[in-house]
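Below, chains carry the letters A, B, ... as their sequence lines are ordered, and counting in each starts from 1.
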Amino acid sequence: MMARIAHPNNLKKAFQRVKRNKGAAGIDRMTVEDLFTYLQGHGRQLRQCLSRGLWKPTPVRRVLIPKPCGGERKLGIPTALDRMVQQAIQQVLQAEWEPRFSAYSYGFRPYRSAHQVISQAQLYMKDGYNWVVDIDLSKFFDRVNHDRLMAKLAEHIEDKDVLRLIRRFLKSGVMDNGLVKPQAEGVPQGGPLSPVLSNIVLDELDRTLENRGLRFVRYADDCRVFVKSKKAGERVMASLVKLIEGKMKLKVNHTKSAVDRAWKRPFLGYSFTRDGRKTLATKSGKRFKDKIRQLTRKGGRSLEQRLEGLNRYLQGWKNYFREVETSTEFEHFDCWIRRRLRSLLWYQWKRSPKRYKELRKQGISDKLTRQTVASGKGHWRVSRSPALHMALPNSWFDKLGLIRLLAA
DNA sequence: ACTGACACTAC
RNA sequence: AUUGUAGUGUCAGU
(Lines give C-alpha, C1' and ligand atoms only; values in the text may rest on other atoms or scores of the structure.)
Protein backbone atom coordinates (compact mmCIF):
# COMPACT_ATOMS: atom_id res chain seq x y z
CA MET A 1 0.00 0.00 0.00
CA MET A 2 2.81 2.39 0.78
CA ALA A 3 4.14 1.56 -2.67
CA ARG A 4 0.91 2.89 -4.15
CA ILE A 5 1.10 6.07 -2.10
CA ALA A 6 4.73 6.72 -2.96
CA HIS A 7 4.24 5.83 -6.62
CA PRO A 8 5.46 8.67 -8.87
CA ASN A 9 2.10 8.93 -10.65
CA ASN A 10 0.19 9.22 -7.40
CA LEU A 11 2.59 11.83 -6.06
CA LYS A 12 2.39 13.77 -9.27
CA LYS A 13 -1.40 13.90 -9.07
CA ALA A 14 -1.15 14.94 -5.43
CA PHE A 15 1.25 17.73 -6.33
CA GLN A 16 -1.02 19.03 -9.07
CA ARG A 17 -3.97 19.12 -6.73
CA VAL A 18 -2.07 21.06 -4.08
CA LYS A 19 -0.80 23.45 -6.72
CA ARG A 20 -4.26 23.99 -8.15
CA ASN A 21 -5.73 24.84 -4.77
CA LYS A 22 -3.21 27.64 -4.37
CA GLY A 23 -3.37 27.38 -0.62
CA ALA A 24 -1.34 29.41 1.84
CA ALA A 25 2.00 28.34 3.24
CA GLY A 26 2.35 26.30 6.41
CA ILE A 27 4.70 26.84 9.31
CA ASP A 28 7.81 26.67 7.12
CA ARG A 29 6.53 29.49 4.89
CA MET A 30 7.05 27.39 1.78
CA THR A 31 4.41 28.41 -0.76
CA VAL A 32 2.99 26.19 -3.46
CA GLU A 33 5.16 27.96 -6.02
CA ASP A 34 8.26 27.01 -4.06
CA LEU A 35 7.00 23.47 -3.87
CA PHE A 36 7.88 22.71 -7.48
CA THR A 37 11.48 23.87 -7.24
CA TYR A 38 11.81 22.02 -3.96
CA LEU A 39 10.56 18.82 -5.52
CA GLN A 40 12.97 19.12 -8.41
CA GLY A 41 15.79 18.95 -5.90
CA HIS A 42 14.34 16.66 -3.25
CA GLY A 43 11.67 14.64 -5.05
CA ARG A 44 13.62 11.41 -5.05
CA GLN A 45 14.53 11.86 -1.42
CA LEU A 46 10.89 12.46 -0.50
CA ARG A 47 9.79 9.31 -2.27
CA GLN A 48 12.39 7.23 -0.49
CA CYS A 49 11.48 8.77 2.84
CA LEU A 50 7.88 7.81 2.30
CA SER A 51 8.38 4.27 1.10
CA ARG A 52 10.71 3.50 3.99
CA GLY A 53 8.20 4.91 6.44
CA LEU A 54 10.53 7.65 7.61
CA TRP A 55 8.43 10.72 6.75
CA LYS A 56 8.10 13.16 9.63
CA PRO A 57 5.20 15.62 9.32
CA THR A 58 5.65 19.21 10.48
CA PRO A 59 3.20 20.74 12.99
CA VAL A 60 0.25 22.62 11.49
CA ARG A 61 -0.18 26.39 11.58
CA ARG A 62 -3.09 27.66 13.64
CA VAL A 63 -5.40 30.16 11.94
CA LEU A 64 -8.76 31.37 13.21
CA ILE A 65 -11.47 32.33 10.75
CA PRO A 66 -14.94 33.63 11.65
CA LYS A 67 -17.82 31.27 10.95
CA PRO A 68 -20.82 32.68 9.06
CA CYS A 69 -23.11 32.03 12.01
CA GLY A 70 -20.81 33.54 14.57
CA GLY A 71 -18.02 31.90 16.48
CA GLU A 72 -14.62 30.96 15.18
CA ARG A 73 -13.33 28.04 13.22
CA LYS A 74 -9.92 26.72 14.17
CA LEU A 75 -7.92 25.87 11.10
CA GLY A 76 -4.77 23.77 11.09
CA ILE A 77 -2.75 24.42 7.99
CA PRO A 78 -0.09 21.84 7.19
CA THR A 79 2.98 22.81 5.18
CA ALA A 80 2.65 22.63 1.41
CA LEU A 81 4.80 19.51 1.43
CA ASP A 82 2.68 17.82 4.08
CA ARG A 83 -0.46 18.73 2.19
CA MET A 84 0.98 16.96 -0.81
CA VAL A 85 1.82 13.84 1.18
CA GLN A 86 -1.63 13.85 2.82
CA GLN A 87 -3.22 14.26 -0.57
CA ALA A 88 -1.25 11.26 -1.84
CA ILE A 89 -2.56 9.20 1.06
CA GLN A 90 -6.06 10.55 0.55
CA GLN A 91 -6.16 9.46 -3.06
CA VAL A 92 -5.32 5.89 -2.16
CA LEU A 93 -7.46 5.79 0.98
CA GLN A 94 -10.47 7.24 -0.78
CA ALA A 95 -10.31 4.71 -3.59
CA GLU A 96 -9.94 1.95 -1.02
CA TRP A 97 -12.82 2.97 1.21
CA GLU A 98 -15.30 4.38 -1.27
CA PRO A 99 -16.97 1.02 -2.06
CA ARG A 100 -17.25 0.25 1.64
CA PHE A 101 -19.07 3.42 2.67
CA SER A 102 -22.82 3.48 3.21
CA ALA A 103 -25.10 4.46 0.34
CA TYR A 104 -26.68 7.04 2.64
CA SER A 105 -23.49 8.89 3.48
CA TYR A 106 -23.06 11.87 1.17
CA GLY A 107 -20.50 14.27 2.58
CA PHE A 108 -17.01 14.60 1.06
CA ARG A 109 -17.61 11.82 -1.40
CA PRO A 110 -17.02 11.93 -5.16
CA TYR A 111 -20.09 12.09 -7.41
CA ARG A 112 -22.31 12.89 -4.44
CA SER A 113 -23.85 16.27 -3.79
CA ALA A 114 -25.98 18.03 -1.23
CA HIS A 115 -28.91 17.88 -3.64
CA GLN A 116 -28.89 14.11 -3.61
CA VAL A 117 -29.20 14.13 0.17
CA ILE A 118 -32.22 16.39 -0.07
CA SER A 119 -33.88 14.17 -2.65
CA GLN A 120 -33.35 11.12 -0.49
CA ALA A 121 -34.84 12.96 2.49
CA GLN A 122 -37.84 13.89 0.38
CA LEU A 123 -38.36 10.25 -0.55
CA TYR A 124 -38.50 9.32 3.11
CA MET A 125 -40.96 12.10 3.79
CA LYS A 126 -43.17 11.00 0.94
CA ASP A 127 -43.42 7.58 2.56
CA GLY A 128 -44.76 9.20 5.69
CA TYR A 129 -41.56 9.44 7.68
CA ASN A 130 -42.26 12.98 8.77
CA TRP A 131 -40.42 13.14 12.02
CA VAL A 132 -36.72 13.74 11.92
CA VAL A 133 -34.00 12.97 14.41
CA ASP A 134 -31.42 15.64 13.73
CA ILE A 135 -28.04 14.94 15.27
CA ASP A 136 -25.23 17.43 15.06
CA LEU A 137 -21.82 16.63 16.49
CA SER A 138 -20.03 19.48 18.20
CA LYS A 139 -16.57 20.41 16.92
CA PHE A 140 -16.60 17.15 15.05
CA PHE A 141 -13.20 17.38 13.32
CA ASP A 142 -11.53 18.56 16.53
CA ARG A 143 -12.81 15.66 18.60
CA VAL A 144 -12.13 12.63 16.47
CA ASN A 145 -10.70 9.99 18.78
CA HIS A 146 -7.28 8.93 17.55
CA ASP A 147 -7.34 5.42 18.93
CA ARG A 148 -10.75 4.61 17.50
CA LEU A 149 -9.75 6.01 14.15
CA MET A 150 -6.53 4.01 14.07
CA ALA A 151 -8.44 0.89 15.05
CA LYS A 152 -10.86 1.45 12.16
CA LEU A 153 -7.98 1.97 9.77
CA ALA A 154 -6.17 -1.13 11.01
CA GLU A 155 -9.22 -3.25 10.15
CA HIS A 156 -8.47 -2.81 6.47
CA ILE A 157 -4.86 -1.68 6.20
CA GLU A 158 -2.16 -4.25 6.74
CA ASP A 159 0.75 -1.99 5.89
CA LYS A 160 2.25 -0.91 9.21
CA ASP A 161 4.21 1.91 7.58
CA VAL A 162 1.01 3.53 6.32
CA LEU A 163 -0.66 3.26 9.70
CA ARG A 164 2.38 4.78 11.38
CA LEU A 165 2.47 7.61 8.87
CA ILE A 166 -1.19 8.46 9.44
CA ARG A 167 -0.70 8.29 13.19
CA ARG A 168 2.21 10.69 12.90
CA PHE A 169 0.03 13.10 10.98
CA LEU A 170 -2.59 12.93 13.71
CA LYS A 171 -0.03 13.53 16.43
CA SER A 172 2.08 16.12 14.63
CA GLY A 173 0.81 18.94 16.84
CA VAL A 174 -0.18 22.57 16.41
CA MET A 175 2.16 25.55 16.28
CA ASP A 176 0.47 28.34 18.19
CA ASN A 177 2.47 31.55 18.61
CA GLY A 178 5.82 29.86 18.54
CA LEU A 179 4.90 26.92 20.74
CA VAL A 180 4.19 23.41 19.52
CA LYS A 181 1.28 21.85 21.33
CA PRO A 182 0.73 18.12 21.00
CA GLN A 183 -2.69 16.99 19.87
CA ALA A 184 -4.46 14.32 21.86
CA GLU A 185 -7.56 14.27 19.66
CA GLY A 186 -9.01 15.58 16.42
CA VAL A 187 -7.99 15.78 12.78
CA PRO A 188 -6.74 19.15 11.51
CA GLN A 189 -9.37 21.23 9.69
CA GLY A 190 -7.42 22.01 6.59
CA GLY A 191 -5.68 18.72 6.06
CA PRO A 192 -6.53 17.04 2.74
CA LEU A 193 -6.82 13.74 4.55
CA SER A 194 -9.21 14.94 7.23
CA PRO A 195 -12.53 14.62 5.38
CA VAL A 196 -12.02 11.01 4.38
CA LEU A 197 -10.81 10.18 7.89
CA SER A 198 -13.98 11.70 9.29
CA ASN A 199 -16.05 9.48 7.02
CA ILE A 200 -14.10 6.44 8.14
CA VAL A 201 -14.85 7.25 11.77
CA LEU A 202 -18.55 7.89 11.19
CA ASP A 203 -18.92 4.80 9.01
CA GLU A 204 -19.58 2.97 12.26
CA LEU A 205 -22.63 5.18 12.85
CA ASP A 206 -23.90 4.49 9.32
CA ARG A 207 -23.50 0.76 9.81
CA THR A 208 -25.46 0.80 13.08
CA LEU A 209 -28.27 2.79 11.52
CA GLU A 210 -28.37 0.45 8.56
CA ASN A 211 -28.42 -2.63 10.74
CA ARG A 212 -31.38 -1.26 12.65
CA GLY A 213 -33.21 -0.73 9.39
CA LEU A 214 -33.65 2.99 9.96
CA ARG A 215 -34.17 5.58 7.22
CA PHE A 216 -31.32 8.03 7.41
CA VAL A 217 -28.97 10.29 5.51
CA ARG A 218 -25.66 11.71 6.64
CA TYR A 219 -23.74 14.69 5.28
CA ALA A 220 -20.43 15.05 7.13
CA ASP A 221 -21.42 15.41 10.78
CA ASP A 222 -25.04 16.30 10.03
CA CYS A 223 -26.98 13.08 10.50
CA ARG A 224 -30.74 12.73 10.11
CA VAL A 225 -32.93 9.76 10.83
CA PHE A 226 -36.49 9.79 9.52
CA VAL A 227 -39.20 8.11 11.57
CA LYS A 228 -42.99 8.09 11.70
CA SER A 229 -43.70 9.37 15.18
CA LYS A 230 -42.27 11.61 17.82
CA LYS A 231 -42.05 8.74 20.24
CA ALA A 232 -40.01 6.62 17.85
CA GLY A 233 -37.80 9.65 17.22
CA GLU A 234 -37.11 10.18 20.86
CA ARG A 235 -36.24 6.53 21.30
CA VAL A 236 -33.82 6.65 18.38
CA MET A 237 -32.31 9.89 19.61
CA ALA A 238 -31.64 8.50 23.06
CA SER A 239 -29.97 5.36 21.77
CA LEU A 240 -27.88 7.23 19.21
CA VAL A 241 -26.64 9.73 21.77
CA LYS A 242 -25.62 6.80 23.91
CA LEU A 243 -23.76 5.18 21.04
CA ILE A 244 -22.00 8.37 19.92
CA GLU A 245 -20.98 9.63 23.33
CA GLY A 246 -20.25 6.19 24.73
CA LYS A 247 -18.68 3.79 22.28
CA MET A 248 -17.63 6.28 19.64
CA LYS A 249 -16.24 8.79 22.16
CA LEU A 250 -17.63 11.82 20.31
CA LYS A 251 -19.72 14.70 21.59
CA VAL A 252 -23.29 15.48 20.53
CA ASN A 253 -24.16 19.16 20.20
CA HIS A 254 -27.38 19.09 22.20
CA THR A 255 -28.40 22.65 21.39
CA LYS A 256 -28.35 21.94 17.66
CA SER A 257 -29.78 18.43 17.81
CA ALA A 258 -33.50 17.77 18.12
CA VAL A 259 -36.45 15.56 17.31
CA ASP A 260 -38.98 17.56 15.33
CA ARG A 261 -41.24 17.60 12.30
CA ALA A 262 -39.12 17.40 9.20
CA TRP A 263 -40.31 20.71 7.80
CA LYS A 264 -39.21 22.59 10.89
CA ARG A 265 -35.54 21.79 10.47
CA PRO A 266 -33.67 23.46 7.61
CA PHE A 267 -31.28 21.07 5.93
CA LEU A 268 -28.22 21.92 3.79
CA GLY A 269 -29.55 25.34 2.85
CA TYR A 270 -33.10 24.20 2.10
CA SER A 271 -36.25 23.94 4.14
CA PHE A 272 -39.26 21.76 3.44
CA THR A 273 -42.88 22.71 3.25
CA ARG A 274 -45.50 20.62 5.00
CA ASP A 275 -46.16 18.66 1.82
CA GLY A 276 -42.49 17.97 1.29
CA ARG A 277 -41.51 20.52 -1.31
CA LYS A 278 -38.18 22.33 -1.18
CA THR A 279 -37.82 26.03 -0.43
CA LEU A 280 -34.80 28.14 0.29
CA ALA A 281 -34.03 28.15 3.99
CA THR A 282 -34.58 31.59 5.48
CA LYS A 283 -30.96 31.86 6.47
CA SER A 284 -29.76 31.20 2.93
CA GLY A 285 -32.32 33.64 1.53
CA LYS A 286 -31.10 36.30 3.87
CA ARG A 287 -27.50 35.78 2.91
CA PHE A 288 -28.50 35.91 -0.73
CA LYS A 289 -30.32 39.21 -0.30
CA ASP A 290 -27.47 40.74 1.69
CA LYS A 291 -25.05 39.95 -1.07
CA ILE A 292 -27.33 41.34 -3.79
CA ARG A 293 -27.83 44.42 -1.70
CA GLN A 294 -24.07 44.84 -1.49
CA LEU A 295 -23.65 44.31 -5.22
CA THR A 296 -26.31 46.91 -6.08
CA ARG A 297 -25.22 49.48 -3.55
CA LYS A 298 -24.74 52.97 -4.83
CA GLY A 299 -21.15 53.92 -5.45
CA GLY A 300 -18.09 53.95 -7.63
CA ARG A 301 -18.38 51.00 -9.99
CA SER A 302 -19.87 51.23 -13.41
CA LEU A 303 -23.11 49.58 -14.36
CA GLU A 304 -21.36 47.01 -16.50
CA GLN A 305 -19.12 46.00 -13.65
CA ARG A 306 -22.14 45.60 -11.43
CA LEU A 307 -23.93 43.47 -13.95
CA GLU A 308 -20.86 41.26 -14.26
CA GLY A 309 -20.71 40.83 -10.50
CA LEU A 310 -24.42 40.20 -10.20
CA ASN A 311 -24.43 37.67 -12.98
CA ARG A 312 -21.48 35.77 -11.55
CA TYR A 313 -23.09 35.63 -8.15
CA LEU A 314 -26.46 34.55 -9.50
CA GLN A 315 -24.89 31.77 -11.49
CA GLY A 316 -23.47 30.37 -8.29
CA TRP A 317 -27.01 30.17 -6.93
CA LYS A 318 -28.53 28.89 -10.13
CA ASN A 319 -28.67 25.31 -8.97
CA TYR A 320 -30.27 26.23 -5.73
CA PHE A 321 -33.05 28.10 -7.42
CA ARG A 322 -33.52 25.37 -9.97
CA GLU A 323 -34.22 22.91 -7.17
CA VAL A 324 -36.63 25.15 -5.30
CA GLU A 325 -40.17 23.89 -5.78
CA THR A 326 -42.19 26.87 -4.62
CA SER A 327 -42.67 29.32 -7.46
CA THR A 328 -43.86 32.25 -5.36
CA GLU A 329 -40.56 32.36 -3.60
CA PHE A 330 -38.74 32.40 -6.87
CA GLU A 331 -40.81 35.27 -8.19
CA HIS A 332 -40.29 37.10 -4.98
CA PHE A 333 -36.53 37.11 -5.47
CA ASP A 334 -36.86 37.95 -9.14
CA CYS A 335 -39.02 41.02 -8.43
CA TRP A 336 -36.81 42.04 -5.63
CA ILE A 337 -33.67 42.07 -7.78
CA ARG A 338 -35.45 44.03 -10.52
CA ARG A 339 -36.52 46.61 -8.00
CA ARG A 340 -32.99 47.04 -6.71
CA LEU A 341 -31.66 47.41 -10.24
CA ARG A 342 -34.22 49.97 -11.21
CA SER A 343 -33.49 52.16 -8.25
CA LEU A 344 -29.83 51.85 -9.06
CA LEU A 345 -30.44 52.98 -12.63
CA TRP A 346 -32.44 55.92 -11.48
CA TYR A 347 -29.60 56.93 -9.25
CA GLN A 348 -27.10 56.73 -12.09
CA TRP A 349 -29.35 58.79 -14.32
CA LYS A 350 -29.61 61.47 -11.70
CA ARG A 351 -25.87 61.70 -11.28
CA SER A 352 -24.81 61.84 -14.88
CA PRO A 353 -26.88 62.90 -17.88
CA LYS A 354 -24.17 61.60 -20.18
CA ARG A 355 -24.36 58.19 -18.62
CA TYR A 356 -28.11 58.30 -19.00
CA LYS A 357 -27.78 58.94 -22.71
CA GLU A 358 -25.74 55.76 -23.02
CA LEU A 359 -28.38 53.83 -21.16
CA ARG A 360 -31.02 55.12 -23.50
CA LYS A 361 -29.03 53.79 -26.42
CA GLN A 362 -29.28 50.37 -24.79
CA GLY A 363 -33.04 50.60 -24.89
CA ILE A 364 -33.86 52.17 -21.58
CA SER A 365 -36.35 54.98 -21.69
CA ASP A 366 -38.18 57.16 -19.28
CA LYS A 367 -40.68 58.97 -21.39
CA LEU A 368 -43.36 56.33 -21.66
CA THR A 369 -46.60 56.49 -19.79
CA ARG A 370 -47.21 53.78 -17.32
CA GLN A 371 -50.12 51.99 -18.97
CA THR A 372 -48.58 51.35 -22.37
CA VAL A 373 -45.34 50.44 -20.76
CA ALA A 374 -46.70 47.83 -18.46
CA SER A 375 -48.87 45.99 -20.92
CA GLY A 376 -47.88 46.45 -24.55
CA LYS A 377 -44.32 45.64 -25.36
CA GLY A 378 -42.92 43.68 -22.46
CA HIS A 379 -41.62 46.74 -20.77
CA TRP A 380 -41.36 47.29 -17.08
CA ARG A 381 -42.44 50.40 -15.36
CA VAL A 382 -41.01 52.09 -12.33
CA SER A 383 -42.25 55.09 -10.44
CA ARG A 384 -39.33 55.83 -8.32
CA SER A 385 -40.16 59.51 -8.04
CA PRO A 386 -43.42 61.17 -9.01
CA ALA A 387 -41.63 63.03 -11.77
CA LEU A 388 -39.89 60.07 -13.30
CA HIS A 389 -41.28 56.97 -14.93
CA MET A 390 -38.46 54.90 -16.16
CA ALA A 391 -38.91 51.70 -18.04
CA LEU A 392 -36.56 48.84 -18.67
CA PRO A 393 -37.01 46.36 -21.47
CA ASN A 394 -37.17 42.74 -20.46
CA SER A 395 -34.36 41.97 -22.86
CA TRP A 396 -32.09 44.07 -20.75
CA PHE A 397 -32.83 41.98 -17.71
CA ASP A 398 -32.06 38.89 -19.72
CA LYS A 399 -28.44 39.55 -18.99
CA LEU A 400 -29.08 38.23 -15.53
CA GLY A 401 -28.87 34.52 -14.91
CA LEU A 402 -31.84 34.42 -12.58
CA ILE A 403 -34.13 35.98 -15.14
CA ARG A 404 -32.99 33.58 -17.81
CA LEU A 405 -33.86 30.82 -15.41
CA LEU A 406 -37.37 32.14 -15.03
CA ALA A 407 -37.88 31.98 -18.77
CA ALA A 408 -36.56 28.45 -19.10
C1' DA B 1 -12.18 13.70 -24.32
C1' DC B 2 -9.04 16.72 -21.45
C1' DT B 3 -7.14 21.18 -19.26
C1' DG B 4 -7.32 26.15 -17.14
C1' DA B 5 -9.68 30.59 -14.85
C1' DC B 6 -13.52 32.61 -11.95
C1' DA B 7 -17.82 32.21 -9.04
C1' DC B 8 -21.37 29.83 -5.64
C1' DT B 9 -23.09 25.76 -2.24
C1' DA B 10 -22.45 22.03 1.73
C1' DC B 11 -19.66 20.55 5.92
C1' A C 1 -2.61 36.94 3.30
C1' U C 2 -8.30 32.54 5.03
C1' U C 3 -7.34 26.00 5.13
C1' G C 4 -9.41 21.52 3.29
C1' U C 5 -12.64 17.91 0.70
C1' A C 6 -16.66 17.30 -2.40
C1' G C 7 -20.42 19.16 -5.66
C1' U C 8 -22.39 22.70 -9.19
C1' G C 9 -22.35 26.76 -12.65
C1' U C 10 -20.22 30.34 -16.29
C1' C C 11 -16.41 31.26 -19.49
C1' A C 12 -11.89 30.14 -22.01
C1' G C 13 -8.28 26.89 -24.28
C1' U C 14 -5.84 22.06 -26.73
| Between A:K152 and A:D203, does at least one N-O distance fall below 4.0 Å, as a salt bridge requires? | no
| remark: All stems that RNA chain C takes part in, i.e. 3 or more consecutive Watson-Crick or G-U pairs with distances under 3.5 Å, are B:1-11 with C:4-14
| query | Heavy atoms under 4.0 Å, any strand shown: does A:R62 hit a base, just sugar-phosphate, or nothing? | reply | nothing
| Could you give the CG-to-P distance, from A:D290 to B:dT9, as a whole number of Å? | 12 Å
| Annotated protein contacts, base or backbone, on nucleotides 3-8 of chain C with a non-hydrogen cut-off under 4.0 Å, one of B, S, - each | BBBSSS
| message | Assess whether a salt bridge exists between A:R265 and A:D260, defined as any Lys/Arg side-chain N lying under 4.0 Å from an Asp/Glu carboxylate O. | response | no
| query | Please give, in whole Å, the distance from B:dA7 C1' to A:F288 CZ? | reply | 14 Å
| request: Using a strict 4.0 Å threshold on nitrogen-to-oxygen distance, state whether A:R207 and A:E204 make a salt bridge. | output: no
| field | Atom pair distance, as rounded to whole Å: NZ in A:K12 and P in B:dT3 | value | 11 Å
| query | Roughly how many Å is it from CZ in A:F267 to C1' in B:dC11, rounded to a whole number? | reply | 11 Å
| Sidechain N-carboxylate O distance under 4.0 Å for A:E185, A:K251 | no
| field | Derivation and outcome, ring pair (Phe, Tyr, Trp, His ring centres under 6.0 Å), residues A:Y219 and A:Y106 | value | CA-CA 5 Å; A:Y219 192 96; A:Y106 291 85; 7.8 Å; no
| query | What's the CG-P distance between A:D221 and B:dA10, to the nearest Å? | reply | 14 Å
| task | Take the protein atom CG of A:L202 and the nucleotide atom C1' of B:dC11, then report the distance between them rounded to whole Å. | result | 12 Å
| query | Are A:Q189 and A:S194 linked by a side-chain donor-acceptor pair shorter than 3.5 Å? | reply | no
| Within 45° of the six-membered ring axis of A:F267 and under 6.0 Å from that ring's centre, is NZ or CZ of A:R224 located there? | yes
| Nearest-Å distance once atom P is located in both C:A1 and B:dC8 | 23 Å
| note | Between CZ of A:R20 and P of B:dA7 the distance, given in whole Å, is 16 Å
| Without hydrogens or angle criteria, can the side chains of A:Y129 and A:R215 be said to hold a donor-acceptor pair below 3.5 Å? | yes
| note | To the nearest angstrom, the CZ-P distance between A:R224 and B:dA10 comes to 13 Å
| query | About how many Å separate NZ of A:K56 and OG1 of A:T58, when rounded to the nearest 0.5 Å? | reply | 11.0 Å
